[in-house]
Amino acid sequence: MFLNCMKRKSFSSSILCLVVLSVQLATIQPGYSETPPTVQEKPAYQNAVVAADHPLASAAGVSILKAGGNVVDAAVATSFALSVLRPASCGLGGGGFMVIWDAEQQKSTVIDYRERAPAAATPEMYAKLPGTDKQRQLASRQGPLAVAVPCTVAGLCYAVKEYGTLDLKTVMQPAILMARRGVPINGHMRSVQSSMLKRIKNGTLDPDRFQTLIDEYLNHGKPWSEKDRFFSPQLKALELIAEKGHAGFYEGPVADAIIATCGKQSGGILTHKDLIETQPVIRKPLSTTFNGYTIITMPPPSSGGIAIIESFNMIHSLEKQLLNQPFGKMEYHSPQQIHLLVEVMKHAFADRAEYLGDADFVPVPIQRLTDKKYADRLASRIDSKKTKALKDYGRYLPPQDAGTSHFSVMDSAGNAVACTETINLTFGSYVVVPKYGIVLNNEMDDFAAISGKPNAFGLIQGKANEIEPGKKPLSSMSPTIAVKDGKAVFSAGASGGPRIISSTLQVLLNMIVFGMNPEQAVESPRIHHQWVPEDLLIENKLFEQVGGKLKQLGHVPKKSSSLAATQAVSRQPDGLRGHSDSRKHGAAAGY
Ligand code: DON
């Protein structure tokens, strides 16, 4: 397999690797620029490409590929680097999904390292809390009770051991060097800090309760200047993981510190047993065929994979039933093309609300939802002239009443990784583990935390996504790879809650159907509809062009400044190209 060539590295070559990495990082950092990438044709890379949402994370992955690692080694290195570089979005205290295409074996694998509800969690744990409605709702978003059992470290250790060719210490080296030397503060970090400081002022972030977050990640409350460097407080945790692997995080002093922060004595429910038992799950990927490509994506507990497959299938049905021509022949971003895409999204999101949850706990009709005949039936209900009432999508009627990071890796042999990781909302639960700097997720809010109430993303969630001990909350993360003739051709994914699904779908359509390169596909303005609420979000520039016309088709168009952040790579006739969304100040790298 593509993995075995470097499995047993000699000590001297490992040292050489570290030296190479140090030199590369030393030369990469001064070259860092905060100018967003422009949309223009750049030379293609001939060996490999990594597109992450921070330029140094892309560079970390590339340095590992150059040092002889494979795409999985590069993905793990990129992910650990993102723990340091994007602590508001993902990291050691969170979870994620990794989709791998192995061109030599012609095999896809998905690693599910989504967090689980602690063993002591119950469906009523938030609804039964004393206090006001607002306080109950906040409990699944801020503080120890919001924390689901972190799984990222378990997932990454497993990925490198089973599918990598280098050792954990080597692939963690870029992240450790960044934590040790500090990293420049970029535009995204400054804007995250400024919005967090606003939250302190407007009373939505209690400084007494979340002092560690403010001290360790928000520069003690003092605005960052461009000249500042950020020294990750996770250095000790990273070193322990590099030395001891899984046990460096889930046992010993790091585990003790996590439990002291969100175990019983601190008002949480996490236990040592929850941590020790944490392992990733290898699942069967979902796939469909579309326009000659095999689309490979995440099964539950992701809702994104099913929604994306349903959408591709419905688009194919519309081509047959309504358009009598390929979807790609429609005028790009014409009101009619957007209308049809929105109708597709509304059906997919309505099904998400009713049927989707952790398939290990509730029956999820995966086969039926991803069947092309089912898509034919949904597509036949789409009216090309007008949008419909909520009840006309799915069967479920709602009751009465941006912390994530995606990266894609691809090499010239046709291997690829699509990986999305999250701690849920910006800085997760706001709980930071003292001494080790781990930002703990608030993934419990991805469950239907209080029955009938929308979550932080306004998503209405069905019974299938109710809390149960050990269950995984439903996710929108949708890392996806498209394969043709045995080689990965496109890899994409996004951050942005439910907008992950709609933006991943649009970026893939832009590349597959409208023939765009990753830069154009990612930078092109986007739309989003999640069935409930009825708003059709449209990015500014496009809103001016099509908002009025879409209103006439019965939609409720709303202007939106930025919809999700996507990273995409593709194999093109002249080589590999990648692009990281300027919406999140990323940059791709390759060689
Ligand atoms: O898994 C999910 O669907 C959410 N936890 C993702 C949250 C997210 O993307 C926040 N945004 N940038």
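Each ligand, and each atom within it, is numbered from 1 in the order the structure gives. Residues: numbered from 1 along the sequence shown.
Proximity annotation for atom 2 (C) of ligand 1: of D446, I501, N442, N455, D446 comes nearest, heavy atoms only.
Judged by the shortest distance from any of its heavy atoms, R114 lies inside the 4.0 Å radius around the atoms of ligand 1.
If you number the atoms of ligand 1 from 1 as listed, the ones under 4.0 Å from a heavy atom of G496 come out as 8 (C), 9 (O), 11 (N), 12 (N). Close contacts of ligand 1 with T422, meaning ligand atoms under 4.0 Å from a residue heavy atom, involve 5 (N), 6 (C), 7 (C). Ligand 1 places these atoms under 4.0 Å from at least one heavy atom of I500: 9 (O). Within ligand 1, the atoms closer than 4.0 Å to a non-hydrogen atom of E443 are 5 (N), numbered from 1 in the order shown. Every atom of ligand 1 is numbered from 1 in the order shown, and the set under 4.0 Å from a heavy atom of S476 is 1 (O), 2 (C), 3 (O).
Ring pair H585/H188 is tilted by interplanar angle, where 30° to 60° counts as tilted. Taking the six-membered ring where tryptophan is involved, the planes of F230 and W224 are perpendicular, since the angle between them exceeds 60° and thus also 30°.
With ring centers used as reference points, F349 lies under 6.0 Å from H528.
No option in R116, R114, K472, R141 other than R114 meets the salt bridge (charged side-chain N to carboxylate O under 4.0 Å, His left out) test with D446.
D228 is linked by a salt bridge (charged side-chain N to carboxylate O under 4.0 Å, His left out) to nothing, counting only residues two or more places apart in sequence or in another chain. Evaluation of the salt bridge (charged side-chain N to carboxylate O under 4.0 Å, His left out) rule for K559 yields E544 as partners, not counting sequence neighbours.
Proximity of T404 to ligand 1, defined as any heavy-atom pair under 4.0 Å, is shared by backbone and side chain alike. Residue N424 touches ligand 1 through backbone and side chain together, judged by heavy-atom distances below 4.0 Å. The proximity of L474 to ligand 1, defined as any non-hydrogen pair under 4.0 Å, does not occur for either the backbone or the side chain.
Using modelled atom types, one finds no donor on one side chain facing an acceptor on the other under 3.5 Å when comparing S89 with D53.
Remark: ligand 1 and G497 share an N or O pair separated by less than 3.5 Å (distance only, no angle test).
Between M345 and S311, every side-chain heavy-atom pair lies at or beyond the 4.5 Å cut-off.
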